[in-house]
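Structure record follows, encoded as structure tokens.
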2 protein chains.
Amino acid sequence: MNTEEFQARARVMKALSSPVRLMIVDELSRGERCMCELQPMFPMNKSTLSRHVTALKNVGIVSERRKGARCFLKLETPCILNVFECTMGVIRAEAKRHAKLAK
Amino acid sequence: MNTEEFQARARVMKALSSPVRLMIVDELSRGERCMCELQPMFPMNKSTLSRHVTALKNVGIVSERRKGARCFLKLETPCILNVFECTMGVIRAEAKRHAKLAK
DNA sequence: CTACTATAGCGCATTGTTGCGCAACTCTGC
DNA sequence: GCAGAGTTGCGCAACAATGCGCTATAGTAG
């Protein structure tokens with residue numbers, strides 16, 4: 001089996017391994033947004049936000065469309081959203097397990 | 001929207017953000033394995049491998065079943081495998097994009 | 001054309017987090 | 001007691017995240 005393939009997968013997962021970036025993806029799942037729209041939603045330095053977006057662009061999850069000074073972001077691979085359903089399954093199962101242990 | 005939910009998701013993604021751990025998941029997708037079976041497959045210290053497995057157990061992706069001194073590992077949430085299909089979609093799209101840029 | 005503002009990204013320094021191997025440890029079965 | 005299977009503590013090196021300030025480009029007003 002190909003090692004590079006696993007590394008490529010890992011890079012994609014890594015890009016999604018931050019709450020902030022997941023929130024960005026969630027926001028973009030509801031439509032195109034520009035950086036200036038995202039900034040008020042995230043209580044952080046704009047350069048930090050820009051870097052998070054860049055991380056998502058780097059692995060191809062998000063694409064940009066420039067319009068003058070603005071830069072509209074779009075979710076390039078919406079199947080990412082299915083991933084979240086699965087993760088929620090993992091999380092729910094885990095919560096159930098913890099509840100059992102607590103008994 | 002709930003911040004904790006995003007953090008929980010991020011934790012799951014983080015657990016999957018390492019090539020080694022993806023390879024472990026891939027191996028477990030073909031059936032139960034014990035640590036001693038995994039060790040020859042991974043050219044690393046067994047403590048390191050143990051920690052990778054622990055990371056997967058912590059988020060509920062992998063479960064263990066002890067049998068004597070051995071510890072059999074099982075993929076608890078196989079829907080993770082669907083995630084990989086999506087990531088491969090992302091990767092292929094990205095490869096195509098790179099090919100275009102190269103032209 | 002120039003000056004000014006808004007949008008976005010980059011370089012640097014700091015801080016925090018991971019991954020790793022080594023060694024020491026627990027637990028099981030002989 | 002001893003060997004095999006796994007886990008944990010520790011220290012080091014590499015990496016990631018953040019804030020600050022600076023640059024580049026687009027658009028606009030004069």
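Reminder, nothing fancy here: chain letters follow the sequence lines and each chain counts from 1.
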Between P on D:dG4 and CD on B:Q39, what's the gap in Å once rounded to a whole number? 13 Å
Just how far, in rounded Å, is P of C:dA6 from CG of A:L49? 18 Å
Does anything in residues 65-73 of chain B come within less than 4.0 Å of DNA chain C? Heavy atoms only, and list the residues if so. B:G68, B:A69
Out of curiosity, A:H52 NE2 to A:L38 CG, how far, rounded to the nearest 0.5 Å? 12.0 Å
So, taking the atom named OG in B:S17 and the one named CZ in A:R11, what distance separates them when rounded to the nearest 0.5 Å? 12.5 Å
Between D:dC20 and A:S47, counting only base atoms on the nucleotide and side-chain atoms on the residue, is there a donor-acceptor pair under 3.5 Å? yes
B:E37 near the nucleic acid: base, sugar-phosphate alone, or nothing, with a heavy-atom cut-off under 4.0 Å? nothing
Atom CZ of A:F42 and atom P of D:dA17: how far apart are they, to the nearest Å? 15 Å
Phosphate OP1/OP2 of D:dT7 contacted by B:K57 side-chain N/O (<4.0 Å): yes
Could you please name the option among C:dT7, D:dT7, C:dG9 that lies closest to any side-chain atom of A:E64? C:dG9
When you compare the side chain of A:I24 with that of A:L49, does any pair of heavy atoms fall below 4.5 Å? yes
Output the rounded distance in Å from CG (A:N58) to P (D:dA17). 12 Å
Take the SG atom of B:C86, take the SG atom of A:C79, and say whether they are under 2.5 Å apart. yes
Can you give one letter per nucleotide of nucleotides 12-19 of chain C, going 5' to 3': B for a protein heavy atom under 4.0 Å from the base, S for sugar-phosphate only, - for none? B-----SS
Phosphate-side-chain proximity, A:S50 and C:dG9, N/O vs OP1/OP2 below 4.0 Å: yes
Any side-chain heavy-atom pair of B:R21 and B:I61 under 4.5 Å: no
Side-chain contact, heavy-atom cut-off 4.5 Å: A:E27 with A:E37? no
Separation between CG (A:L81) and CG (A:D26), nearest 0.5 Å, reads 8.0 Å
Whole-Å distance, A:L16 CG to D:dA17 P, equals 12 Å
Hphob cluster co-occupancy, A:M23 + A:F72, side-chain heavy atoms under 4.5 angstrom: no
Atom CZ of B:R33 and atom C1' of D:dG6 are separated, to the nearest Å, by 19 Å
Provide, to the nearest angstrom, the distance between the NZ atom belonging to A:K46 and the C1' atom belonging to D:dT18. 15 Å
Close side-chain approach of B:E76 to B:V62, heavy-atom, < 4.5 Å: no
Starting at CD1 of A:I24 and ending at P of D:dA17, how long is that distance when rounded to a whole Å? 12 Å
